[in-house]
Novice: 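A single structure is presented below for examination.
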Protein chains: 2
Amino acid sequence: MFKVPDHQVAGHKAEAGKLGPLVDGFGLFYKPLQGDERGSNEVSFYTSFSSNAKIPKHIARFFPKFHGTQLLEASDGSGMQPHMVLQDLTFGWVDPSVMDIKIGSRTWAHQAPEDYIKKCLKKDRESTSVSLGFRLSGLQAFGSKETGFWKPGKLEVKSLSVDDVRLYLKRCVSSDVFGSKPDCAFASVVYGGSTGILSQLLELKAWFEDQTIYHFYACSILIMFQKEEDVLNGKIPRAEVKLVDFAHVFEGKGVIDHNFLGGLCSLIKFISEILTTPEECVV
Amino acid sequence: MFKVPDHQVAGHKAEAGKLGPLVDGFGLFYKPLQGDERGSNEVSFYTSFSSNAKIPKHIARFFPKFHGTQLLEASDGSGMQPHMVLQDLTFGWVDPSVMDIKIGSRTWAHQAPEDYIKKCLKKDRESTSVSLGFRLSGLQAFGSKETGFWKPGKLEVKSLSVDDVRLYLKRCVSSDVFGSKPDCAFASVVYGGSTGILSQLLELKAWFEDQTIYHFYACSILIMFQKEEDVLNGKIPRAEVKLVDFAHVFEGKGVIDHNFLGGLCSLIKFISEILTTPEECVV
């Protein structure tokens, strides 16, 4: 009944006997609790968030729905393990393109242990996190029924430069996702428009300018869209922004999450530029 | 003819035979070039900025006017030294209150030398920079002709917590700047209004959401206002936001300054809260 998710682009994967999330094929996503305090921290966040009356509805929709925890046979054969029961975000989507973007120039909380900070700071400096305020953690972009998905490997994604990230954001919304000369053919319908990605990111930004409840470290924004089906049917393509990975969420204590907000604004600027300077997309 | 500035609240001071900036009493401020690349870097910034046609006028006004460099007898008696000739920001002001706020959770540039980064990171973590996105570097707040200025010492300012910073921002606009129970009597006229501090910070924010020319590390926002004179005359008090200290400005290379922007948004949130929740100011 349980299987490995089809459209996971980053993080631990339940492949080859490893521990990772599973889906049930009916809309639920089972994420194993990480053994240390990260697992319990993420459960705490979901529990707090899903019962917090101060979260506006138009913001709650950016987060996966949470259905508690459940003991489940772990994907690595280690026996029954606690899993978070979450909404399967790509359930019902046809060939979704997905980008996993880790937000913030700093992925570590002030109060984290010293050795953990050191490890994170190194990764932040070696990736685009410090320079750009975010980094691409993984992606799959759908080309066509014939070509399938463009899904760069972990090592490739890890070594991307700022210019690469800009290019990859363009390639994902281009006709030929495999080519290095993006035409951004789908940019205006996916990134633009009143229900597009940019508009959703701006809603999120407005909330982050104000909210002082949570600080999100090492949290990712998923940009998800499906182009083929909808565009063929003459519809506006389905495009959604979601937030995932809350193992390092801490109390905001009356201060805004300036680290997340800064990175989000940087991402918004990149997406805006793709929309406003289409001439820089090679046709 | 040259003298030590009256209203400098942070940075190296030209006192007791030390090297520091001087003023001429006619509106000019002479800042000695720091010996290493910081001095030349700051001159480069001023030169580039003051001739950059892409800087909107309403943004240029936040920066001190630059009048080139000049050889001058240094304040430490070390002979003729190159100085930047800048606008004396408090020239003509009567008993100005001044807050020097170093913006950004990170005061070091990605490309800075390793030992410099280490030093900065330590200071950023020990101060409110990492947690709050900015830190108070110094301040003077005018009480009255009788009491004079409240000007906390360097050590006191260095050890401020997030809650202290919030309190200090309130005390500066209170009737009794020396008391620990602020009434925020001047908050609405200094921080609020269409020409007040908040409104100026929001203009700056809009520019930082868009500009990718410069990244400002270890740069300070000065919040300056004069309450007594103007309020007595029934006028809106003079209140100005200025940016200073550009020894660590680097090219933005097409990326917004998410580090500065995040800190600025955090400051904006604090100032907004003082305006919207006056009940939290003890009367």
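Side chains are part of it too, since the values below use all heavy atoms of this structure and drop only hydrogens, waters and symmetry mates. Below, chain A is the first sequence line, B the second, and so on; all start at residue 1.
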Novice: Check B:F63, B:F246, B:Y214 against B:Y46 for a ring-ring contact (aromatic ring centres under 6.0 Å, His included) and give me the one that passes.
Specialist: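 Option passing the ring-ring contact (aromatic ring centres under 6.0 Å, His included) with B:Y46: B:F246.
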
Novice: Give the table of side-chain donor-acceptor pairs shorter than 3.5 Å for residues 250-266 of chain B, with sequence neighbours excluded, one pair per line with atom names and distance.
Specialist:
from, atom 1, to, atom 2, distance (Å)
B:D257, OD1, B:F260, N, 3.1
B:D257, OD2, B:F216, N, 2.6
B:H258, NE2, A:S131, O, 2.9
B:H258, NE2, A:G133, N, 3.2
B:N259, OD1, B:S105, N, 3.3
B:N259, OD1, B:R106, N, 3.1
B:N259, ND2, B:R106, O, 2.8
B:S266, OG, B:L132, O, 2.6

Novice: Answer with yes or no whether the side chains of B:S44 and B:N41 bring together a donor and an acceptor at under 3.5 Å.
Specialist: no

Novice: Check each atom of A:V130 against the heavy atoms of chain B and say whether the ones under 4.5 Å are side chain, backbone, both or neither.
Specialist: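 Its backbone and side chain both get close to chain B.
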
Novice: Run the salt-bridge test on A:D245 and A:K102 with the 4.0 Å N-O cut-off and return the result as yes or no.
Specialist: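 Salt bridge flag = no for A:K102 with A:D245.
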
Novice: In a table with atom names and distances, give each donor-acceptor pair under 3.5 Å that connects a side chain of residues 268-276 of chain B to protein atoms at least two apart or in another chain.
Specialist:
from, atom 1, to, atom 2, distance (Å)
B:K269, NZ, A:D210, O, 2.9
B:K269, NZ, A:D210, OD1, 2.7
B:S272, OG, B:I268, O, 2.7
B:T276, OG1, B:S272, O, 3.0

Novice: Can you list everything that forms a side chain to side chain contact (heavy atoms under 4.5 Å, CB included) with B:E156? Sequence neighbours excluded, please.
Specialist: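 Listed in chain order: B:P152, B:Y168.
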
Novice: Under a 4.0 Å N-O cut-off, is there an ion pair linking B:R38 with B:E42?
Specialist: no

Novice: Non-hydrogen contacts under 4.5 angstrom with chain A: give the residues of residues 109-121 of chain B involved, or none if there are none.
Specialist: B:H110, B:E114, B:I117, B:L121

Novice: Does any heavy atom of chain B fall under 4.5 Å from the side chain of A:S129, the backbone, both, or neither of them?
Specialist: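 The answer is the backbone of A:S129.
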
